[in-house]
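In what follows, a single structure is set out as structure tokens and then discussed.
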Amino acid sequence: LTPAGILFHRRAKAILLRMEDAMQELSNHATGHSGHVRLGAAATMTEALLPGVLKRVMQETPGITIELATGMNDVLREALRENRLDLLISPTAEGGDEFESEPLISDRVVVVARRGHPLCSTPSTMADMLRYEWILPPSTVALRRWLDHSFERAGLSHPRVQVEVNSLVLMPRLIGDTDLISFASSQKLDGTGLVEIACPETTHDRSFGLLYRRDAFRSPAVDTVAALVPSFSPTRQKLSGFGETLRVPAPRIMTETAKIYDLQNPTAKMSKSAESENGLIRLLDPAKKNAKKIKSAVTDDGAEIRFDR
């Protein structure tokens with residue numbers, strides 16, 4: 001080669017290598033192997049679910065980066081509503097039609113106090129609890145509103161809040177050796193020095209789910225993480241109680257088939273808010289009705305299902 005040819009060959013080779021890198025990067029984005037995911041999680045769920053999810057992401061899809069936000073549910077929901085989050089692990093009791101949710105875990109919230117608190121010595125009523133000051137989240141938080149309404153229904157005044165915090169993770173240390181009482185997840189009491197003040201009227205059962213905006217675009221990377229989160233839900237790991245008798249199977253959800261597409265609009269995910277009822281399969285519908293929908297699915301330019309020979 002001439003000097004000019006050598007220079008051209010070197011430059012052309014570099015361009016081809018960059019093209020290959022670009023194609024690989026585009027392929028990774030398309031398959032969900034790379035990308036950025038903004039994930040929000042209530043503090044209660046951070047330790048229960050996220051370590052396993054993050055470990056799996058690092059092992060199987062190291063090209064995905066995650067921006068994690070934790071905090072109070074009302075703040076995180078607003079962030080999801082304003083498209084500052086892609087996914088949110090949060091209580092599912094509220095949200096309306098703007099959010100889709102997938103159930104993950106059940107939780108019980110109870111009144112708590114330090115071990116040895118005067119309320120621990122005898123069965124306590126709601127009126128007994130009002131003799132003490134509380135440490136609670138702001139009144140905008142659903143958990144706080146539920147507690148206030150419980151006292152209202154009993155014909156009592158709201159708990160007197162001496163310390164208001166925006167993160168109940170700090171609550172055990174703040175209570176310390178005081179007689180303050182609070183309202184927290186029963187799953188978070190081990191090792192904190194706090195105990196439950198048993199009272200049916202102030203016991204709140206709630207469910208957590210994976211939430212996302214109904215009308216939001218979900219990138220392949222977001223779909224990959226969304227498919228991984230449910231596999232770490234305790235409801236999918238109940239066999240762990242059998243110890244060595246049975247080995248707990250590790251769920252493996254294929255991201256390529258994580259979505260089920262609308263039968264009438266193959267470019268959209270199947271959803272309860274679908275434009276046409278014919279694009280949706282309902283498990284409780286008669287088998288003949290669902291079979292008819294499947295037979296009329298839009299798969300090509302026609303309305304019938306055909307097999308290429």
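- A side chain to side chain contact (heavy atoms under 4.5 Å, CB included) with Ser124 is found for one member of Val111, Thr202, Ile197 and no other, namely Ile197.
- Between the side chain of Ser182 and the main chain of Ile135, a donor-acceptor pair closer than 3.5 Å is present.
- Under the side-chain hydrogen bond (donor to acceptor under 3.5 Å, both in side chains) criterion, the residue pairs touching residues 282-291 are Glu277-Arg282, with sequence neighbours excluded.
- Judged purely by atom type and a 3.5 angstrom limit, Lys293 has no side-chain atom pairing as donor or acceptor with the backbone of Gly279.
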* Go through the steps for Arg206 and Ser106 under the test side-chain contact (heavy atoms from CB on, under 4.5 Å), then give the verdict. => CA-CA 6 Å; Arg206 60 179 179 173; Ser106 296; over 6 Å; no
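- The heavy-atom pair separating Leu156 from Ala127 by the smallest distance is CD1-N, 4.0 Å.
- Placement of Val195 and Ile175 in two distinct hydrophobic clusters is found when ILVMFWY residues are connected by side-chain heavy-atom separations under 4.5 Å, directly or transitively.
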* Let me see the working for Arg114 and Cys120 under side-chain contact (heavy atoms from CB on, under 4.5 Å), right down to the final yes or no. => CA-CA 9 Å; Arg114 64 171 175 82; Cys120 299; over 6 Å; no
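- Checking side-chain atoms of Thr61 against main-chain N and O of Ile64 turns up no donor-acceptor pair under 3.5 Å.
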* Val109 and Phe183: side-chain contact (heavy atoms from CB on, under 4.5 Å), yes or no, with the steps? -> CA-CA 7 Å; Val109 187; Phe183 196 48; 3.6 Å; yes
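- Salt bridge status for Arg160 with Glu133: present, with a side-chain N to carboxylate O gap under 4.0 Å.
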* Steps toward side-chain contact (heavy atoms from CB on, under 4.5 Å) verdict (Leu180, Gln162) -> CA-CA 8 Å; Leu180 289 170; Gln162 185 166 19; 3.6 Å; yes
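- When all heavy atoms of Val110 and Ser186 are compared, the closest pair comes out as CG2-CB, 4.3 Å.
- Side-chain atoms of Leu136 and Leu147, non-hydrogen and from C-beta on, do get closer than 4.5 Å to each other.
- In this pair, Phe151 and Trp134 present their aromatic rings perpendicular. The plane angle is above 60°, beyond the 30 to 60° band.
- By the 4.0 Å N-to-carboxylate-O rule, Asp86 lies too far from Arg213 to be salt-bridged with it.
- Counting heavy-atom neighbours within 6.0 Å of Arg108 CZ, excluding the residue itself, gives a total of 12 or less.
- Shown here for Met72 and Pro137, the closest heavy-atom pair between the two residues is CE-CB, 3.4 Å.
- Within the 4.5 Å cutoff, side-chain heavy atoms of Val229 are placed close to those of Ile89.
- A salt bridge links Arg144 to Glu164: one of the charged nitrogens lies within less than 4.0 Å of a carboxylate oxygen.
- The hydrophobic clustering, which links ILVMFWY residues whose side-chain heavy atoms are closer than 4.5 Å, places Leu68 and Ile105 together.
- Minimum interatomic distance between Asp128 and Pro123 (heavy atoms only, all atoms of both residues): OD2-O, 4.1 Å.
- A heavy-atom distance below 4.5 Å is not found between the side chains of Ile6 and Pro3.
- Nearest heavy-atom pair, Ser90 versus Leu211, reported as atom, atom and distance to 0.1 Å: O-CD1, 3.9 Å.
- Using a 4.5 Å cut-off between side-chain heavy atoms of Ile, Leu, Val, Met, Phe, Trp and Tyr, with links allowed through other members, Val112 and Leu174 fall into the same hydrophobic cluster.
- A pairwise comparison of heavy atoms in Trp146 and Thr203 identifies CH2-O, 3.6 Å as the closest pair.
- More than 12 heavy atoms of other residues, nucleotides or ligands lie within 6.0 Å of CZ in Arg153, so this atom counts as buried by the packing criterion.
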